[in-house]
A.B. asks: 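Pasting a structure below so you can have a look.
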Amino acid sequence: MTKSNFSLAALDSLFRLMPLRMSSALMLNSRGGIGFHTVVPVAAYSIVQLVTYVAGQVAFFSKAIFSLVTAVMFATTLAYASEPAQTNAQSQVNDKGQSTTQLEDQPQNHLPVSYQASGDSPTVQFHAWGGSAQVNGYIQWVSQQVSSHYNITLNHVKLADTSDAVSRVLAEKAAGNHNQGSVNLIWINGENFAAMKRHNLLLKDWVSSIPNFALTNPSRNPAMITDFGIATDGQEAPWGKASMVFYYNQQFVEKPPLNIHELLVFAKQYPGRFTYPLPNDYLGISFLKYATIALNDDHQNLLYKPVTEAALAKITPALFEYLDTLHPLMYKQGDYMVRQASQLQRLMGTSELLLAFSFTAAEIPSAVNRFDLPNSIRTYAMEDGSLANVHFIGITYNTENVTAAKQVVNFLLSPQAQAKKQQLAVWGDDSVLDFSMLADNDKTLFNDVSHHASALNKQKTVPLFAEPHSSWTDAIRQAWFDRYGERF
């Protein structure tokens, strides 16, 4: 609403609420002007009464005129106050031309939107994996922040499998729902992004319009614009980095395996105390990709190109030879495999398993704090290589409130939100921001001094395995089920 419209609205409200005296009324004449009509005959009054009456009317209209002037001044002041203000207490611009927030919990807002002033409260449906208490708690905090600062309602739609949301968007497109999608934001990467890009299910060319995206320094960090070997083309924004970690119970295990070959030795030494989920689970297929890369030193380059039948024939023999030996040594002799990653943690909590793995390192010490895992749990990364990737946020092509969705993503990429997410007690997810792009006061937000005995030691570096080309995910999964699937 403009300032002039705001003032007119205030005046209109005043005229509607002004009390009318029993002896007079403001009337609208036939020409649309305001006229005065006396409803009590003057002849009925004595001279004294007439004087008193006239004096009362003069006093009445004097008060009315004063009220009108006051209303105009108030409306004008309120209209200017409703405009967004830049104050030194909230933000400043550093020498690189980037805005930096001074208050730790005050998110940056540079997008041209002001739902607080307009009174609107758009709703954004955020479809994201809901299998981690840490992730869920963090998204709840984000919801509170965007509600408080931007008047945006963010609903976390918890998913067991991200492909469920992808299928929903695809179904809406087939049904002709092109502007009122039920999925607005979606946490994706890998094959889910490849599928959505292939079917044109994502909003295009929007990421560069997010001010905080520049803080990822994409021109010098290609991982921010590449997802499992596929260019993002502005259809998704980076959100965090993750890598595979293993954790063991040191009460029973003195020395954990440090590479894929030692893992097989461990399985022989502790039969039935290790397993991995079925490969239709995200963590299950991640284990297979790690093993495939680690077992194929001579053919690793093939994994970073689109899969072919010839390449698959070269890659899978080493993997299947290894799994054929490993499976009988796993939990319940490999005749039963867990179907979800969360089951690994439960089996570790009951000491039925002595070794497991995760793609969310911070969930392990958090589970210890919740007494879901024993205090003797320790986390580490394999020394032959740790499978690592960047995960992203996409906006669906049929999102109704695109501006609100962008505002949420901009907040997710703010130093405040990224620092909060990286805190061990919150999530422990590594930031995608390039610290060289941050002002000094924003860098200090990442100084997390907390330490936990069960947490991963991030000062110890290990090689990182990049995710294979996304086409390999389905190929490896299908090859696994073709070989072992009848048992499950």
Side-chain angles (χ1 to χ4, degrees), residues 97-99 107-115 120 122-128 139 142-143 145-146 149-157 162 165-166 168-170 172-173 177-190 192-228 230-241 390-415 417-418 421 431-434 437 470:
Q98 299 151 348
S99 177
Q108 294 176 323
N109 181 4
H110 309 294
L111 293 176
V113 58
S114 180
Y115 298 113
D120 295 334
T123 297
V124 175
Q125 305 291 349
F126 185 15
H127 285 62
I139 295 179
V142 171
S143 300
Q145 295 296 304
V146 297
H149 297 294
Y150 309 134
N151 204 28
I152 296 173
T153 300
L154 182 69
N155 290 333
H156 178 196
V157 181
T162 306
V166 178
R168 177 175 295 186
V169 181
L170 187 61
E172 289 177 346
K173 183 175 183 178
N177 180 359
H178 301 305
N179 51 30
Q180 292 183 325
S182 60
V183 180
N184 305 144
L185 292 179
I186 182 171
W187 180 16
I188 52 172
N189 66 356
N192 287 313
F193 168 68
M196 296 193 79
K197 185 179 183 182
R198 183 168 58 252
H199 293 287
N200 296 312
L201 302 181
L202 292 169
L203 188 68
K204 297 182 179 180
D205 301 322
W206 63 271
V207 175
S208 60
S209 68
I210 303 298
N212 285 331
F213 173 64
L215 300 179
T216 68
N217 203 4
S219 62
R220 301 187 64 179
N221 191 356
M224 300 298 109
I225 52 176
T226 306
D227 189 346
F228 285 56
I230 298 178
T232 59
D233 292 331
Q235 297 184 40
E236 58 178 2
W239 188 26
K241 296 185 293 186
V390 175
H391 49 93
F392 296 81
I393 301 291
I395 300 178
T396 57
Y397 86 100
N398 59 351
T399 294
E400 183 176 7
N401 296 316
V402 171
T403 302
K406 288 182 178 180
Q407 183 68 70
V408 173
V409 175
N410 192 56
F411 173 65
L412 292 174
L413 287 176
S414 68
Q418 287 280 300
K421 183 159 64 79
S431 174
V432 294
L433 303 185
D434 185 334
M437 305 288 287
S470 62

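Only this structure's heavy atoms are used, side chains among them; waters, hydrogens and symmetry mates stay out. Please read these numbers as outputs of a predicted model, since none were measured by experiment.
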A.B. asks: Provide the closest heavy-atom pair for Phe213 versus Pro238 in the form atom of the first, atom of the second, distance.
C.D. replies: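 Scanning both residues completely, I find the closest heavy atoms to be CE1-CD, 3.7 Å.
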A.B. asks: Does any non-hydrogen side-chain atom of Val146 lie less than 4.5 Å from one of Gln407?
C.D. replies: no
A.B. asks: Rounded to the nearest 0.5 Å, how far apart are CD1 of Ile188 and CG of Leu202?
C.D. replies: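 Reported value, rounded in 0.5 Å steps: 5.0 Å.
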A.B. asks: Between the main-chain N or O of Ala214 and the side-chain N or O of Asn217, is there a donor-acceptor pair closer than 3.5 Å?
C.D. replies: no
A.B. asks: Nearest 0.5 angstrom please: Ser414 OG to Asn212 CG, how far?
C.D. replies: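 Taking OG in Ser414 and CG in Asn212, the distance rounds to 6.0 Å.
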A.B. asks: Between NZ of Lys406 and CG of Leu203, what distance do you get to the nearest 0.5 Å?
C.D. replies: 6.5 Å
A.B. asks: Do Thr123 and Gln125 come within less than 4.5 Å of each other through their side chains, counting heavy atoms only?
C.D. replies: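 A side-chain contact exists here, since the closest heavy-atom pair is under 4.5 Å.
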A.B. asks: Assess, by modelled atom type and distance only, whether the side chains of Glu172 and Ser182 contain a donor and an acceptor separated by less than 3.5 Å.
C.D. replies: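 Glu172 vs Ser182: donor-acceptor pair found between side chains.
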A.B. asks: Walk me through whether Ile393 and Leu412 qualify under side-chain contact (heavy atoms from CB on, under 4.5 Å).
C.D. replies: CA-CA 9 Å; Ile393 301 291; Leu412 292 174; 4.2 Å; yes
A.B. asks: Please check this pair: side chain of His199 against backbone of Leu170, looking for a donor-acceptor N/O pair closer than 3.5 Å.
C.D. replies: no
A.B. asks: I want to check something: taking the side chain as every heavy atom from C-beta on, are Leu413 and Leu215 in contact at a cut-off of under 4.5 Å?
C.D. replies: no
A.B. asks: Measure the spacing between CD1 of Ile225 and OG of Ser208 and express it to the nearest 0.5 Å.
C.D. replies: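 Interatomic distance, Ile225 CD1 to Ser208 OG, rounded to 0.5 Å: 11.5 Å.
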A.B. asks: Can you name the nearest heavy-atom pair linking Ser431 to Gln418, along with the distance?
C.D. replies: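 Taking every non-hydrogen atom into account, OG-OE1, 2.9 Å.
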A.B. asks: To the closest 0.5 Å, what do you measure between OG1 (Thr396) and CZ (Arg168)?
C.D. replies: 11.5 Å
A.B. asks: Considering non-hydrogen atoms only, spot the tightest contact between Ala237 and Trp206 and give its length.
C.D. replies: CB-CH2, 3.8 Å
A.B. asks: Checking Asn200 against Lys173 for the side-chain contact (heavy atoms from CB on, under 4.5 Å) test, could you report, in this order, the C-alpha distance in whole Å, the side-chain angles of both residues, the deciding distance, and whether it holds?
C.D. replies: CA-CA 9 Å; Asn200 296 312; Lys173 183 175 183 178; 3.5 Å; yes
A.B. asks: Side chain of Thr399, backbone of Asn401: donor and acceptor closer than 3.5 Å?
C.D. replies: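 Looks like no, no N/O pair under 3.5 Å.
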A.B. asks: What pair of heavy atoms forms the shortest contact from Ser143 to Leu154, and how long is it?
C.D. replies: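 In terms of heavy atoms, the two residues are closest at OG-O, 3.1 Å.
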A.B. asks: So which heavy atom on Ile152 is nearest to which on Ala404, and how close?
C.D. replies: CD1-O, 3.8 Å
A.B. asks: Under a 4.5 Å cut-off applied to non-hydrogen side-chain atoms, are Asn410 and Pro211 in contact?
C.D. replies: yes
A.B. asks: Going through the checks in order, is the side-chain contact (heavy atoms from CB on, under 4.5 Å) test met by Thr162 and Asn192?
C.D. replies: CA-CA 7 Å; Thr162 306; Asn192 287 313; 3.6 Å; yes
A.B. asks: Is Asp227 close to Ser470 at the side-chain level, that is, under 4.5 Å between some pair of heavy atoms?
C.D. replies: no
A.B. asks: Report the C-alpha distance between Lys241 and Val432 in whole Å, list the side-chain angles of each, state the deciding distance to 0.1 Å, and finish with yes or no for side-chain contact (heavy atoms from CB on, under 4.5 Å).
C.D. replies: CA-CA 6 Å; Lys241 296 185 293 186; Val432 294; 4.0 Å; yes
A.B. asks: Considering only heavy atoms from C-beta outward, does the side chain of Tyr397 approach that of Met196 to under 4.5 Å?
C.D. replies: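 In short, these two side chains do not touch, never coming nearer than 4.5 Å.
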A.B. asks: I want to check something: taking the side chain as every heavy atom from C-beta on, are Ser209 and Val207 in contact at a cut-off of under 4.5 Å?
C.D. replies: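 They are not in side-chain contact.
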A.B. asks: Does any non-hydrogen side-chain atom of Asn155 lie less than 4.5 Å from one of Phe126?
C.D. replies: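 The answer is no; the side chains never approach within 4.5 Å.
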A.B. asks: Would you please say whether a donor-acceptor pair under 3.5 Å links the side chains of His391 and Trp187?
C.D. replies: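 There is such a pair (donor and acceptor under 3.5 Å, judged by atom type) between the side chains of His391 and Trp187.
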A.B. asks: Measure the NZ-CD1 distance between Lys204 and Ile395 for me, rounded to the nearest 0.5 Å.
C.D. replies: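 Going from NZ on Lys204 over to CD1 on Ile395, the span is 14.5 Å.
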A.B. asks: Using the side chain to side chain donor-acceptor pair (under 3.5 Å) rule, collect all pairs that involve residues 230-239, keeping only residues at least two apart or in two chains.
C.D. replies: Lys197-Asp233
